[in-house]
Amino acid sequence: MTDPLLAHATEYGRMYARSTSDSFSVPSITTVIGQQPHGLDGWFGYMGANSLASDPSLPAILGSPAKVRQAVSRAAKAAETYRDDAAKRGDRVHNYCEQVALRALGRPHQMKEMREALAANGEEAFAARFDEWWELFGVEPIAPEVTVWNKTVGYAGTLDLVAKINGRTCIIDYKTKGTTRDGTVKPLDDKVVMQLVAGMKAEESLVDPVAGEWEPWKHGESPVLLAVAVGETEVRPMRANPEVLKHHWWKFCSLRRVWEMSADTVSAGTALLPVAPPSLPVAPPALQAAPGR
């Protein structure tokens with residue numbers, strides 16, 4: 001996925017600027033959605049325990065406390081390693097999907113190189129399934145990786161693809177997913193609807209990042225919102241239910257306010273201050289002992 005020129009990593013999360021010469025001013029769509037708590041404690045615990053249980057060196061190191069500690073340390077990092085590897089895989093798959101759209105538009109692309117990168121990591125099946133879906137659904141790309149802005153609420157983001165499918169304008173978000181035990185792609189999280197509706201509710205789209213030129217958003221009038229799960233065995237598109245969009249939009253706007261309050265709290269200053277012990281009281285002169293007693 002092309003790294004948006006106007007996006008910046010900050011202590012407040014990922015934020016966007018209006019041009020390459022401006023400072024960042026609004027949070028990204030994913031940063032806003034990230035204000036929603038995630039219950040991953042059980043998953044982190046499972047990943048650590050599973051990593052330790054499957055460590056091939058475990059039987060040989062049980063008699064060495066130092067080596068056991070090293071194995072435990074490796075297990076503790078297993079969830080982070082898995083997460084980071086999944087993120088890299090997702091980037092490779094998104095890169096390939098973007099290049100397919102660029103080729104279809106007759107623009108310069110690196111589709112061959114991106115497919116080779118997937119193949120080098122044993123992930124070419126993702127590309128094969130994506131190609132099948134692209135042809136089956138007759139996707140006609142309009143704008144891949146388009147950066148959008150909403151001034152009223154105060155956020156920005158980069159959408160994976162705007163395209164025509166069966167004559168309807170679609171806003172599309174790709175999610176790279178693993179495979180279940182029965183060989184199907186893993187299900188999508190409902191929070192992708194917030195991401196899609198925030199894209200739909202954009203007010204402007206980027207024309208020139210250097211000059212900071214924007215134009216009114218052309219694709220917000222009743223588009224089909226598609227979350228596309230890209231897996232090794234299948235690609236499964238899911239449409240956001242139009243009946244629930246307003247609720248997910250209100251939730252997104254509420255999370256935007258949570259982000260703002262959190263940012264204000266961080267910038268307000270140190271939350272906890274040290275306290276020195278109180279001075280010991282000095283006895284009045286009349287109560288002090290006389291000399292020599």
> What's the spacing between D160 CG and K175 NZ if we round to 0.5 Å?
Replying inline: 7.5 Å

> Does the side-chain contact (heavy atoms from CB on, under 4.5 Å) test come out yes or no for R18 and K151, once each step is laid out?
Replying inline: CA-CA 11 Å; R18 293 286 290 178; K151 286 185 176 180; 3.5 Å; yes

>> For a side-chain contact (heavy atoms from CB on, under 4.5 Å) check, start with the C-alpha distance between F252 and K201, then their side-chain angles and the critical distance, and finish with the verdict.
In response: CA-CA 11 Å; F252 178 84; K201 291 284 190 177; over 6 Å; no

> Between F126 and L188, is there a shared hydrophobic cluster once you connect ILVMFWY residues whose side-chain heavy atoms come closer than 4.5 Å?
Replying inline: no

> Under 4.5 Å between side-chain heavy atoms, hopping through other hydrophobics if needed: is there a path connecting L159 to M194?
Replying inline: yes

> Where do G154 and P27 come nearest, in terms of heavy atoms and distance?
Replying inline: O-CD, 3.4 Å

> Rounded to the nearest 0.5 Å, how far apart are CD of Q36 and OG of S254?
Replying inline: 11.5 Å

>> Just so I know, are the side chains of E98 and H94 near enough to count as touching, which here means a heavy-atom distance under 4.5 Å?
In response: no

>> Check for me, please, whether V193 and W249 land in the same ILVMFWY cluster - side-chain distances under 4.5 Å, paths through other members count.
In response: yes

> For V197 and M200, what are the C-alpha separation, side-chain angles and deciding distance, and is it a side-chain contact (heavy atoms from CB on, under 4.5 Å)?
Replying inline: CA-CA 5 Å; V197 76; M200 181 184 74; 3.7 Å; yes

> Out of curiosity, does I142 fall in the hydrophobic cluster containing V146 (side-chain heavy atoms, cut-off under 4.5 Å, transitive links)?
Replying inline: yes

> Roughly how far, to the nearest 0.5 Å, is OH of Y155 from CD1 of I29?
Replying inline: 5.5 Å

> Quick one: does V139's side chain get under 4.5 Å of L161's, heavy atoms only?
Replying inline: yes

> According to a 4.5 Å side-chain heavy-atom criterion applied to Ile, Leu, Val, Met, Phe, Trp and Tyr, with indirect links allowed, do W133 and V100 form part of one hydrophobic cluster?
Replying inline: yes

>> Once rounded to the nearest 0.5 Å, what's the spacing between atom CG of L196 and atom CZ of R239?
In response: 12.0 Å

> Do the side chain of E213 and the main chain of P209 share a donor and acceptor less than 3.5 angstrom apart?
Replying inline: no

> Do you know the tightest heavy-atom contact between S25 and M15?
Replying inline: C-CE, 3.7 Å

> Any idea how Y12 and W259 line up, ring-wise: parallel (<30°), tilted (30 to 60°), or perpendicular (>60°)?
Replying inline: perpendicular

> Do R92 and E123 sit within salt-bridge range, that is, some charged N less than 4.0 Å from a carboxylate O?
Replying inline: yes

>> Treating T184 as the side-chain partner and T180 as the backbone partner, does any N or O pair qualify as donor plus acceptor under 3.5 Å?
In response: no

> Using 30° and 60° as the class limits, which term best fits the ring planes of F130 and W134: parallel, tilted or perpendicular?
Replying inline: tilted

What pairs of donor and acceptor atoms, side-chain ones from residues 229-238 against any protein atom, are under 3.5 angstrom apart with sequence neighbours left out?
from : atom 1 : to   : atom 2 : distance (Å)
T233 : OG1    : G183 : O      : 2.7
E234 : OE2    : V185 : N      : 2.9
E234 : OE2    : R236 : NH2    : 2.8

> Taking all atoms of both residues into account, what is the closest heavy-atom pair of H109 and L102, and its distance?
Replying inline: CB-CB, 3.9 Å

> Does CD in E243 sit with more than 12 non-hydrogen atoms of other residues, nucleotides or ligands closer than 6.0 Å?
Replying inline: no

> Between V32 and L255, which heavy-atom pair has the shortest distance, and what is it?
Replying inline: O-CB, 3.6 Å

> Do the charged groups of E132 and R129 touch, with an N to O distance under 4.0 Å?
Replying inline: yes

> Looking only at heavy atoms, which two atoms of P141 and A101 are closest? And how far apart?
Replying inline: CG-O, 3.8 Å

Show me the side-chain donor-acceptor pairs of residues 162-172 shorter than 3.5 Å, one per line, residues at least two apart or across chains.
from : atom 1 : to   : atom 2 : distance (Å)
K164 : NZ     : T169 : OG1    : 3.2
R168 : NH2    : S222 : O      : 3.2

>> Is it true that, when you exclude R103 itself, more than 12 heavy atoms of the residues, nucleotides or ligands shown sit nearer than 6.0 Å to its CZ?
In response: no

Distance-only donor-acceptor pairs under 3.5 Å for side chains of residues 113-121, two or more places apart:
from : atom 1 : to   : atom 2 : distance (Å)
R115 : NE     : E124 : OE2    : 3.0
R115 : NH1    : Y96  : OH     : 2.9
R115 : NH1    : D131 : OD2    : 2.6
E116 : OE2    : K112 : NZ     : 2.6
N121 : ND2    : A117 : O      : 2.9

>> For P216 versus S205, what's the shortest heavy-atom pair and its separation?
In response: O-OG, 4.3 Å

> Under 3.5 Å, side chain of H8 to main-chain N/O of A17, donor-acceptor pair present?
Replying inline: no

>> Between V93 and Y174, does the side-chain contact (heavy atoms from CB on, under 4.5 Å) criterion hold? Intermediate values first, please.
In response: CA-CA 9 Å; V93 172; Y174 303 124; over 6 Å; no

>> In the structure I gave you, are the side-chain heavy atoms of Y16 and V148 within less than 4.5 Å of one another anywhere?
In response: no

> Nearest 0.5 Å, what's the CG-OG1 distance between L206 and T158?
Replying inline: 8.5 Å

>> What's the separation between atom OG in S28 and atom CG in L6, rounded to the nearest 0.5 Å?
In response: 12.5 Å

